[in-house]
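These notes concern the structure reproduced below.
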2 protein chains.
Amino acid sequence: MNTGDAHMDESVPARLRNRPTRLLSMASTRCDRLVNDGLARADARKWHYAVLVTLAEIGPMSQAELSRRTGIYHSDVVAVINELAGRGLVERAPDPADRRRNVITITGPGTDHLHRLDDLLSTIEDEALAPLNREERAQLVELLTRILTHQVRG
Amino acid sequence: MNTGDAHMDESVPARLRNRPTRLLSMASTRCDRLVNDGLARADARKWHYAVLVTLAEIGPMSQAELSRRTGIYHSDVVAVINELAGRGLVERAPDPADRRRNVITITGPGTDHLHRLDDLLSTIEDEALAPLNREERAQLVELLTRILTHQVRG
DNA sequence: ATGTTTCGTTAGTGGGACGAACGTTAGTGT
DNA sequence: ACACTAACGTTCGTCCCACTAACGAAACAT
């Protein structure tokens, strides 16, 4: 499975090793894989989690709004909702007030599943960020958030 | 061009907004795009930079070693070297000592090009990480490095 | 000699982010 | 009342990336 490759040794040139964008890329790739593999064991993907948590926390909403809140590209929302609806975790119903919209609602089983995913994700992230303590994780979150807010408004 | 989407508003549920892996993913995606677009203006890709900087800093080496040091997947090295060699930025020659190997060497124009890419990349990263000062960038690098070293040995 | 490993290479897969276009429906201006 | 514009859901397709599978050639191990 694991190729045991180097990638991070001293064998990597310094100019390369310290490029923040490169580190960001590699860390993201590896964390994403951990998350994907982990969630796959619960037959889920990260977008499933994003949708379920959004619905649970904010309430029923249209697909377009889901796209905006979760960051899922609007073309891709359809498939995600299809998958979730196919498993009975959400319900898709036409909005009587605006017939362009579908109202997506989380179901009972959906809420249960969300709790499992929440636990699972916490475990996964705990392993992914193992070498970082509480404050350091908060620091990381803060730094990344600032980068992102800047780029969005940029 | 820019869709002006939200993605980072308060409209994002808290449980989602504070997930480090999610932030990592989004930051990486956006930074990668900045880097790719930026380097594209110099008709280059980030792997070009990785290869050139490695050759310049360490010296000629085989493609396999290049793969190990840069993190480029071994199947993909071929294409990268093709592109670089096609532009005369590196030279690919059979290794007389081991006829399985190719020895890749950076050329004069390759070194020039590397300098341009170095400057360009600094500019790009400066913009990508604009909201972070020196220490904070160092902090970010340190945190990410620790995550990565842990995962590689994990 | 034989089997194993390394190297370079080709072709192909799967996923994720994104773009283009379309029919449908809601608002908006006049 | 009517044309125009914008939003919504949807489908299809594109591009890039990390990765796999398989292969011939060469080196190495025993």
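Only a predicted model underlies this, so the values are computations on that prediction, with no experimental measurement involved. Order of the sequence lines sets the chain letters (A, B, ...), proteins ahead of strands, with each chain counted from 1.
- Taking atom CZ on B/R45 and atom P on D/dC15, their separation rounds to 14 Å, with Å as the unit.
- Of the two residues contacting DNA chain D, namely A/D76 and A/R101, the nearest-nucleotide position lying further toward the 5' end is that of A/R101.
- Look at B/Q63 and you won't find any side-chain N or O under 4.0 angstrom from OP1 or OP2 of C/dT6.
- B/W47 has a side-chain polar atom (N or O) that falls below the 4.0 Å cut-off from OP1 or OP2 of D/dA18.
- A/D32 comes within 4.0 angstrom of nothing in the nucleic acid, heavy atoms only.
- B/N36 places its CG atom 18 Å from the P atom of C/dG16, with the value rounded to the nearest Å.
- If you measure from atom NE2 of B/H74 to atom C1' of C/dA11, you get 13 Å, rounded to the nearest angstrom.
- The two atoms that bring A/T70 and A/W47 nearest to each other are O-CZ3, 4.0 Å, heavy atoms only.
- Close to D/dT10, at under 4.0 Å from its OP1 or OP2, lies a side-chain N or O of A/N102.
- Residues satisfying the side chain to side chain contact (heavy atoms under 4.5 Å, CB included) test with A/A64, not counting sequence neighbours, are A/S62, A/R68.
- Of the residues in residues 79-100 of chain B, those placing a heavy atom less than 4.0 Å from an atom of DNA chain D are B/D98, B/R99, B/R100, in numerical order.
- Between the CG atom of B/D37 and the C1' atom of D/dC15 there is a distance of 13 Å, given to the nearest Å.
- Salt-bridge formation is not detected for the pair A/E125/A/R137: no Lys NZ or Arg NE/NH1/NH2 atom is positioned less than 4.0 Å from an Asp or Glu carboxylate oxygen.
- For the pair B/L39 CG and D/dC16 P, the computed distance is 14 Å after rounding to whole Å.
- Not a single donor-acceptor pair under 3.5 Å links the side chain of A/S67 to the backbone N or O of A/Y73.
- Remark: A/Y73 is in phosphate contact with C/dG19, judged by side-chain N or O atoms under 4.0 Å from OP1 or OP2.
- The overall bend of the helix from C/dA1-D/dT30 to C/dT30-D/dA1, read as the angle between its terminal helix axes built from five base pairs each, is 20° when rounded to 10 degrees.
- In terms of hydrophobic clustering, with Ile, Leu, Val, Met, Phe, Trp and Tyr side chains grouped at heavy-atom distances under 4.5 Å, B/L143 and B/V141 are assigned to a common cluster.
- The distance between atom CG of B/L66 and atom P of C/dT9, rounded to the nearest whole Å, is 12 Å.
- On a pure distance criterion of 3.5 Å, a polar donor-acceptor pair joins the side chain of A/S75 and the base of C/dG19.
- The side-chain hydrogen bond (donor to acceptor under 3.5 Å, both in side chains) test applied to A/E83 returns A/R45, A/H48, not counting sequence neighbours.
- Applying the 4.0 Å criterion to OP1 and OP2 of D/dA18, one finds that A/R30 has every side-chain N and O outside that range.
- Straight-line distance from the CZ atom of A/R33 to the C1' atom of D/dT20: 12 Å, rounded to whole Å.
- Separating the CE atom of B/M61 from the P atom of C/dG8 is a distance of 12 Å, rounded to the nearest angstrom.
- Formation of a donor-acceptor pair under 3.5 Å by the A/S122 side chain with backbone atoms of A/D118 is found in this model.
- One N or O on the side chain of B/T107 and one on the backbone of B/G88 form a donor-acceptor pair closer than 3.5 Å.
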Show the atom names and distances, to 0.1 Å, of all donor-acceptor pairs under 3.5 Å that link a side chain in residues 51-58 of chain A to residues at least two apart or in another chain.
from  : atom 1 : to    : atom 2 : distance (Å)
A/T54 : OG1    : A/A50 : O      : 2.6
A/E57 : OE1    : B/R15 : NE     : 3.4
A/E57 : OE2    : B/A14 : N      : 2.8

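- Place A/K46 and B/S62 on DNA chain C by their nearest nucleotides, and B/S62 ends up nearer the 5' end.
- Taking A/A42 as the reference, A/L117, A/L120 meet the side chain to side chain contact (heavy atoms under 4.5 Å, CB included) condition, with sequence neighbours excluded.
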